[in-house]
Amino acid sequence: MKIKTMIAVFGVLFSVHALADVTNAEKLVYKYTNIAHSANPMFEAPSITDGKIFFNRKFKTPSGKEAACASCHTNNPANVGKNIVTGKEIPPLAPRVNTKRFTDIDKVEDEFTKHCNDILGADCSPSEKANFIAYLLTETKPTK
Ligand code: HEC
């Protein structure tokens, strides 16, 4: 590993740790960042901006409709969402608002795979997952 890369990777480690308290979500950001980094050494740190763009971006779903993660989870992941298919409420995704989020690693993988397939027609990449959770960690206030 080149020294510049190592500094960048440790930078991620420390910035992730500086956020403290929502440990599992942070561990997942770190885990997905590492996987993404080994597949693509150019990916050195998660991007909150890209995570936010991804969250709000509309995709043409395999069923032909347009949908974004925000369609059900609202444009603020700290809000209670609403399933556009069943009409049921969805507790907030943001782990600082809903501490039950991202506690069960297997469930996270399953939900990602399911939702990414529903919306993108394929699983999300490790870099998209790292960016996504890094962004969710920054949302702390529900919209009134
Ligand atoms: C059709 C509505 C809908 C859309 C669109 C949607 N989700 Fe979800 N999402 C849900 C529901 C329902 C749950 C599970 C209910 C719950 O856990 O509260 C959920 C839960 C999740 C979880 C589980 C988090 C945890 O550990 O508890 C993740 C991760 C997730 N969604 C990611 C995404 C991503 C990424 C997208 C966009 C690619 C997306 N969702 C789009 C409805 C949706």
Side-chain angles (χ1 to χ4, degrees), residues 1 5-6 8-144:
M1 204 189 272
T5 314
M6 277 178 67
V9 171
F10 284 117
V12 172
L13 228 181
F14 287 122
S15 58
V16 163
H17 274 260
L19 296 166
D21 88 290
V22 220
T23 342
N24 250 334
E26 289 166 355
K27 276 188 194 148
L28 279 164
V29 173
Y30 188 56
K31 177 187 142 184
Y32 287 128
T33 300
N34 273 336
I35 300 171
H37 179 75
S38 30
N40 171 16
M42 298 286 281
F43 188 88
E44 290 182 337
S47 162
I48 290 163
T49 312
D50 289 352
K52 184 170 186 176
I53 292 169
F54 181 81
F55 186 82
N56 289 290
R57 183 165 147 208
K58 282 202 170 145
F59 296 95
K60 195 155 184 113
T61 66
S63 65
K65 280 182 254 159
E66 280 216 321
C69 309
S71 304
C72 290
H73 294 295
T74 88
N75 64 5
N76 177 358
N79 288 348
V80 173
K82 189 177 177 200
N83 192 318
I84 50 169
V85 179
T86 63
K88 279 194 202 149
E89 275 196 358
I90 306 173
L93 270 191
R96 289 189 198 282
V97 177
N98 180 356
T99 51
K100 292 200 190 89
R101 288 298 179 200
F102 301 102
T103 46
D104 180 340
I105 309 240
D106 292 334
K107 184 186 163 196
V108 174
E109 268 302 317
D110 289 352
E111 297 278 359
F112 261 133
T113 307
K114 184 178 175 295
H115 292 189
C116 294
N117 272 298
D118 283 352
I119 307 294
L120 312 173
D123 199 0
C124 300
S125 67
S127 58
E128 285 168 337
K129 292 175 186 174
N131 293 342
F132 185 81
I133 303 175
Y135 163 60
L136 295 188
L137 277 161
T138 65
E139 294 289 5
T140 57
K141 287 192 187 75
T143 315
K144 293 280 179 229

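All ligand and atom numbering here is 1-based and tracks the order in the structure. Computed from a predicted model, the values in this text were never measured in an experiment.
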[atom]: which protein heavy atom is closest, and how many Å away?
atom                    : answer
atom 29 (C) of ligand 1 : F102 CE2, 3.8 Å
atom 5 (C) of ligand 1  : I119 CD1, 3.3 Å
atom 41 (C) of ligand 1 : C69 CA, 3.5 Å
atom 7 (N) of ligand 1  : H73 NE2, 2.8 Å
atom 3 (C) of ligand 1  : C72 SG, 2.7 Å

Under 3.5 Å between some N or O of ligand 1 and some N or O of [X]?
X    : result
R101 : yes
S71  : no
F54  : no

Ring center gap for Y135 and F54 short of 6.0 angstrom: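 No: the rings miss the under 6.0 Å criterion.
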4.0 Å heavy-atom contact, A70 with ligand 1: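 A70: no contact with ligand 1 (<4.0 Å).
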Test item, P91 contacting ligand 1 (heavy atom, 4.0 angstrom):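 Yes, P91 has a heavy atom closer than 4.0 Å to ligand 1.
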Chi angles and distances behind the side-chain hydrogen bond (donor to acceptor under 3.5 Å, both in side chains) call for T143, N76: CA-CA 7 Å; T143 315; N76 177 358; 2.9 Å; yes
Per-atom contacts, ligand 1 versus V108 - under 4.0 Å to a heavy atom: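 By the 4.0 Å cutoff, the relevant atoms are 26 (O).
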Under-4.0 Å heavy-atom contact with ligand 1, by part of [X] that carries it:
X    : answer
F55  : neither
A68  : backbone
K107 : side chain
T86  : neither
K88  : neither

Rounded to the nearest 0.5 Å, how far apart are [atom1] of [X] and [atom2] of [Y]?
X    : Y    : atom1 : atom2 : result
C69  : F59  : SG    : CZ    : 6.5 Å
D118 : E111 : CG    : CD    : 10.0 Å
E44  : N40  : CD    : CG    : 9.5 Å

Closest approach of A25 to I133 (non-hydrogen atoms, all atoms of both residues):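 Shortest heavy-atom contact: O-CG2, 3.6 Å.
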Residues which pass disulfide bond (SG atoms under 2.5 Å apart) with C72, listed by chain and number, not counting sequence neighbours: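 Testing C72 for disulfide bond (SG atoms under 2.5 Å apart), a comparison that skips the adjacent residues, returns none.
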K31/E26 salt bridge by N-O under 4.0 Å criterion: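 Looking at E26 and K31, the cut-off is not met.
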Among the N, O or S atoms of H115, the one nearest atom 8 (Fe) of ligand 1: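 When I compare the N, O and S atoms of H115, ND1 is nearest to atom 8 (Fe) of ligand 1.
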Side-chain heavy-atom pair K52, R57 within 4.5 angstrom cut-off: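 With C-beta onward as the side chain, the pair stays apart.
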Option whose closest heavy atom lies nearest to atom 15 (C) of ligand 1, chosen from I105, L136, I90, L93: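 It is I90 whose heavy atom sits nearest to atom 15 (C) of ligand 1.
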Donor on one side chain, acceptor on other, N24 and T103, under 3.5 Å: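 No pair is found: no donor N or O on one side chain lies under 3.5 Å from an acceptor on the other.
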Side-chain (H73) to main-chain (G81) donor-acceptor, under 3.5 angstrom: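 Not a single qualifying donor-acceptor pair exists.
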